[in-house]
Amino acid sequence: MILKTLRTYFNSELLGYYPDTEISSFFHILSEHILKLNQINIALNLYQVVSGKKYDKFQTAIDRLKVYQPIQYILGQTEFYGLKFKVNDSVLIPRPETEELVDWIIKASISKDKIRILDIGTGSGCIAISLAKHLPNAKVLALDISSKALKVAQENAKQNDVDVEFMHKNILSIPNYFLDSQDRFDIIVSNPPYVRQSEKTEMKPNVLENEPHIALFVDDDDALQFYKAIVQLSVNNLNKNGMLFFEINEYLGNEMIKLLQKFEFENIDLKQDLFGKDRMIKATKKA
Ligand code: GLN
């Protein structure tokens with residue numbers, strides 16, 4: 001089949017499933033990925049024959065798009081903070097809000113040398129790996145409860161040529177004294193599960209049906225469960241003046257401030273994301 005016919009076929013197959021603009025955007029993304037043709041080169045190569053494995057990849061993508069699988073899982077990769085990351089359904093697809101969190105951490109720590117960073121619930125490793133890449137003086141450790149996620153994160157560290165120490169651990173069952181005092185951290189960061197079960201109705205079906213629920217949801221009656229465990233761990237494992245950074249549920253900013261105050265954290269700074277929602281918070285451990 002020639003590319004021109006493939007495009008018509010692609011559009012007609014997905015008609016009614018997505019808006020037209022999204023269908024053509026999928027076609028461009030897939031052409032770039034499968035045929036290495038950007039938008040201009042598609043127009044210049046409309047009579048190129050697409051057959052065999054390449055054609056099969058388009059057909060598979062059509063089938064998967066029809067059941068609303070995210071394009072990032074179909075491609076098996078995505079971009080985050082300018083880096084390429086492998087993704088599959090064992091890890092959340094990195095979000096733009098999380099890039100803002102990473103940017104905040106990098107700006108707050110770029111001038112420091114020899115810092116130790118811990119990322120809790122690393123998933124694809126996007127936070128830990130971006131920090132390791134941009135803060136060459138940092139020693140970065142990352143943990144996750146899911147061994148499947150850790151496998152993805154390890155591959156991502158290798159692909160991005162950074163050294164991150166990964167650990168298979170459940171934050172809810174780590175004793176508060178995780179480390180020796182010599183090995184304390186300067187920064188502890190986490191984007192833990194924070195969507196309440198009652199907020200499921202606000203979520204898009206393609207997220208609900210495809211992304212790992214273990215990385216997304218918490219019970220309504222203990223929505224800050226992970227934050228409580230991490231704040232408690234930080235009391236004993238952060239250096240004095242060390243910083244805690246969290247991505248948070250947009251509706252729970254005040255509760256987060258109260259939690260951090262209860263454990264005597266200072267300079268609490270609640271920040272909005274690019275959509276204007278309370279999405280991240282930073283706090284400092286008392287000197
Ligand atoms: N921001 C994500 C979403 O709503 C949730 C991330 C999380 O629970 N940590 O899709």
Side-chain angles (χ1 to χ4, degrees), residues 22 68-74 77-81 85 87-105 117-131 142-146 148-150 152-153 156 169-172 187-231 233-234 244-257 259-260 270-283:
E22 208 168 349
Y68 298 103
Q69 290 188 17
I71 189 78
Q72 294 91 336
Y73 288 159
I74 296 172
Q77 67 175 49
T78 191
E79 225 180 87
F80 179 86
Y81 211 75
F85 285 87
V87 286
N88 61 29
D89 60 8
S90 302
V91 300
L92 275 192
I93 297 165
R95 308 285 201 268
E97 312 77 289
T98 312
E99 288 182 317
E100 295 183 79
L101 177 71
V102 165
D103 197 57
W104 201 18
I105 302 172
I117 301 177
L118 175 64
D119 173 26
I120 296 171
T122 197
S124 64
C126 63
I127 296 177
I129 292 164
S130 309
L131 292 175
L143 55 93
D144 204 284
I145 189 175
S146 157
K148 284 188 181 159
L150 284 172
V152 175
N156 281 327
K169 283 190 196 300
N170 175 0
I171 182 62
L172 299 180
I187 290 175
I188 294 180
V189 52
S190 184
N191 174 19
Y194 60 66
V195 181
R196 289 172 289 188
Q197 298 286 344
S198 59
E199 289 163 349
K200 270 188 177 167
T201 48
E202 291 176 30
M203 296 185 87
K204 292 199 184 129
N206 66 338
V207 174
L208 270 180
E209 280 161 29
N210 293 285
E211 298 198 66
H213 286 199
I214 189 180
L216 286 169
F217 296 111
V218 284
D219 285 338
D220 281 56
D221 55 13
D222 200 7
L224 298 186
Q225 174 182 42
F226 292 99
Y227 298 91
K228 286 181 198 157
I230 296 166
V231 172
L233 179 99
S234 301
L244 198 47
F245 284 89
F246 285 122
E247 183 172 317
I248 63 162
N249 182 313
E250 68 203 69
Y251 305 113
L252 299 175
N254 282 335
E255 284 77 356
M256 280 303 305
I257 293 175
L259 171 67
L260 289 159
L270 181 65
K271 198 169 147 84
Q272 298 185 325
D273 64 17
L274 69 171
F275 308 109
K277 306 205 159 148
D278 288 343
R279 185 62 70 199
M280 53 214 117
I281 198 161
K282 164 182 137 190

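Hydrogens, waters and symmetry mates play no part in the numbers below; they use all other heavy atoms, side chains included. Because the structure is predicted, anything quoted here is derived from the model rather than measured. Counting convention: from 1, in listed order, for ligands and their atoms alike.
- Ring planes of Y227 and Y194: tilted class, angle from 30 to 60°.
- Rounding to the nearest 0.5 Å gives a distance of 10.5 Å between CD of Q69 and CG of N206.
- The N/O atoms of R95, backbone and side chain alike, include one that comes under 3.5 Å of an N/O atom in ligand 1.
- Nearest non-hydrogen protein atom to atom 1 (N) of ligand 1 is Y194 OH, 2.9 Å.
- Residue E247 has at least one heavy-atom neighbour below 4.0 Å for each of these atoms of ligand 1: 1 (N).
- Residue N191 has at least one heavy-atom neighbour below 4.0 Å for each of these atoms of ligand 1: 7 (C), 9 (N).
- Of the polar atoms of P192, at least one N or O is found under 3.5 Å from an N or O of ligand 1, judged by distance alone.
- The atoms of ligand 1 that sit less than 4.0 Å from any heavy atom of E97 are 1 (N).
- In this structure a side-chain-to-backbone donor-acceptor pair under 3.5 Å is missing from D119 to I127.
- A donor and an acceptor atom, one from each side chain of D103 and Y81, are located under 3.5 Å apart.
- Heavy atoms of E211 found under 4.0 angstrom from ligand 1: none, in either backbone or side chain.
- The neighbour count for K200 NZ, taken as heavy atoms of other residues, nucleotides or ligands under 6.0 Å away, is above 12.
- Taking a 4.0 Å cut-off on heavy atoms, A215 registers as neighbouring ligand 1.
- A salt bridge links K228 with D222; the closest basic N to acidic carboxylate O contact falls under 4.0 Å.
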